[in-house]
There are 2 protein chains.
Amino acid sequence: MSRASDRAYSAIRNMILSGELPAGAQLGEEALAELCGVSRTPVREALRRLEADMLVDRTDTQRTFVADWSISDVADAFELRAMLEARAARRAAERMTDATLARIKAANRALLDAIQQPLPDVAGFLESNREFHGIILEVAGSRRLSALLGTLVEQPVVLRTARHYTREELRRSHAEHEELTAAFARRDGAWAEAIMTSHILRAYHAYADAHRARLDAGLTQEAAE
Amino acid sequence: MSRASDRAYSAIRNMILSGELPAGAQLGEEALAELCGVSRTPVREALRRLEADMLVDRTDTQRTFVADWSISDVADAFELRAMLEARAARRAAERMTDATLARIKAANRALLDAIQQPLPDVAGFLESNREFHGIILEVAGSRRLSALLGTLVEQPVVLRTARHYTREELRRSHAEHEELTAAFARRDGAWAEAIMTSHILRAYHAYADAHRARLDAGLTQEAAE
DNA sequence: CCGATGGCATTTGTATACAATATTCATGTC
DNA sequence: GACATGAATATTGTATACAAATGCCATCGG
């Protein structure tokens, strides 16, 4: 990650995910180059990668903007993610080894630790959650599946919403992970697939509810951050 | 498609899909630049896009090679494609309009025409087939689904195998398209999804059988072309 | 006042030069 | 003879200059 184009990619990506670069903002290559302390060449490369990630949009005349995720875009992404992660879970269950099962259990223990802090450690939760899902994807053993899911997991608004998860919601995630672990222990692909589908779709509705609540409170998305 | 980087992308992509650049061949930026008549800059951009398409691989030290699709890679791609196109078919059935249905029927009529030539017009078949699947994807109305499928449809070896389809296999494709059209006419998403799954998986097995036959004949993949 | 037109400013695209890194091959040492 | 070492070579990464295109704004004509 020391190449200039990688630094530019991470920097711009983080600014988009954090909301520092708001949806709809124009991304001029020169301006970004200055921000990242590199020349336009690596910035251009970074922008193309972000375009493939669908984090930025380009107009017909080659101007680049921060992608504006409508609520239906988010729903679309979650629906596809549910299908793909469920497939990954099924494959993982069918190929599960005891060693991998131990890693999965460890990840979910770490996740529980993060939740049980006096103040829930959301960053730690997200990290363990990423680890948990990452192991499953690894065991599923499909490069393509991993690649496809790559563009679906990180969504700007959703990530920011995660910070507001209640302890109850975090606990629910942990419980679902435990159930997934049980399905893996039994090598039951159909069960794992079903739990994963419901796990992702529940997360989607948690987000959608929070989103609606903010709208009802008469706040704009910006103000709610 | 007049920008130099687009031309480079198409040129290199075609050389890979046609087999002119064989699997495993190293892709030097300078050499490709000369081949395409452009400088290294657009070639680099093209290579990044091809990497995202998984048509080329890069080593840990940034060297680029034509991706080598093992039979299990092909199986993996088909499995995912079946899942995603089936989902698209379901969504399309649920959103079908009479106007779109007419376009789908027209595409399949064109496909039948291509088949019924004295010598089956495989290029025409492939074109109509692309059109047929393209309309479904369009009606499915999910940018992400389209994007994900984009990297799965064109597979180097498979495309070359298509040339050897028998008239019987082509007819079978047409019949399955007809059945899909019936499901669309009824707006029956579950039916459309099931037919599409079986349509893609049958195509996969047709390829796998042909592949095996070539191996049994003691031919290398190259020699069989 | 509205819309079209032309030219200036800005932005993106491409080529090229140079820097950094990887590979190769010859050389020397054990 | 095998392996490590290190220059020579080849390849990729980045910066920059310039070309092409796009957008903006002022001016002009209706």
Side-chain angles (χ1 to χ4, degrees), chain A residues 1-16 20-68 143 147 150-151 156, chain B residues 1-16 20-68 143 147 150-151 156:
Chain A
M1 226 282 287
S2 66
R3 274 173 23 270
S5 63
D6 290 335
R7 275 185 293 131
Y9 174 75
S10 294
I12 300 170
R13 188 165 179 279
N14 286 338
M15 288 191 284
I16 293 174
E20 192 176 338
L21 285 171
Q26 179 163 3
L27 298 172
E29 295 175 358
E30 196 120 28
L32 291 174
E34 190 134 357
L35 264 174
C36 302
V38 299
S39 79
R40 276 179 52 215
T41 309
V43 167
R44 284 174 63 79
E45 201 175 308
L47 286 177
R48 298 298 156 82
R49 285 167 67 185
L50 291 164
E51 189 191 354
D53 294 345
M54 300 189 81
L55 287 175
V56 309
D57 281 335
R58 296 175 80 191
T59 65
D60 49 352
T61 90
Q62 311 300 107
R63 251 94 205 177
T64 310
F65 301 84
V66 176
D68 192 0
R143 269 175 70 218
T151 70
Chain B
M1 224 286 285
S2 66
R3 279 181 9 274
S5 63
D6 290 335
R7 276 185 292 129
Y9 174 76
S10 293
I12 300 169
R13 189 166 178 278
N14 285 338
M15 288 191 284
I16 293 174
E20 192 176 338
L21 285 171
Q26 178 161 5
L27 298 172
E29 295 175 357
E30 197 120 29
L32 291 174
E34 189 134 358
L35 264 174
C36 303
V38 299
S39 80
R40 274 181 55 215
T41 309
V43 167
R44 285 174 63 79
E45 200 175 306
L47 285 177
R48 296 300 154 81
R49 287 168 66 186
L50 291 164
E51 189 191 353
D53 294 345
M54 299 189 81
L55 286 176
V56 309
D57 281 335
R58 294 175 81 191
T59 64
D60 50 352
T61 89
Q62 311 300 107
R63 249 95 216 188
T64 310
F65 300 84
V66 176
D68 192 0
R143 269 175 71 217
T151 70

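So you know, we letter chains A, B, ... as the sequences are listed, proteins then strands, and number each from 1.
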Item to check | Taking every non-hydrogen atom, the tightest pair across A:S5 and A:A46 | outcome: O-CB, 4.0 Å
Item to check | Length of the line joining A:D60:CG and C:dT11:P, which is rounded to integer Å | outcome: 17 Å
Checklist entry - When the distance from CD of A:E34 to P of C:dT11 is rounded to whole Å, what number comes out? => result 12 Å
Item to check | Rounded distance in Å - CZ (B:R7) to C1' (C:dT14) | outcome: 11 Å
Item to check | N/O (side chain, B:T41) to phosphate O (OP1/OP2, C:dT14) under 4.0 Å | outcome: no
Checklist entry - By side chain to side chain donor-acceptor pair (under 3.5 Å), which residues pair with B:R143, not counting sequence neighbours? => result A:D57
Next on the checklist: The criterion is side chain to side chain donor-acceptor pair (under 3.5 Å); which residues satisfy it with B:E51, sequence neighbours excluded?
Outcome noted: B:R58
Checklist entry - What residues form a side-chain contact (heavy atoms from CB on, under 4.5 Å) with A:A11, not counting sequence neighbours? => result A:C36
Scan nucleotides 11-13 of chain D against the protein and return all N/O pairs shorter than 3.5 Å with their distances rounded to 0.1 Å.
unit_1	atom_1	unit_2	atom_2	d
D:dT11	O4'	B:R63	NH2	2.9
D:dT12	OP2	B:E29	N	3.1
D:dG13	OP1	B:R58	NH2	3.2
D:dG13	OP1	B:Q62	NE2	2.9
D:dG13	OP2	B:R44	NH1	2.5
D:dG13	OP2	B:R44	NH2	3.0
D:dG13	OP2	B:R48	NH2	3.1
D:dG13	N7	B:R40	NH2	2.8
D:dG13	O6	B:R40	NH1	3.0

Item to check | Set of side-chain contact (heavy atoms from CB on, under 4.5 Å) partners for B:A147, sequence neighbours left out | outcome: A:M54
Checklist entry - By salt bridge (Lys or Arg N to Asp or Glu O under 4.0 Å), which residues pair with B:R44, not counting sequence neighbours? => result A:E45, B:E29
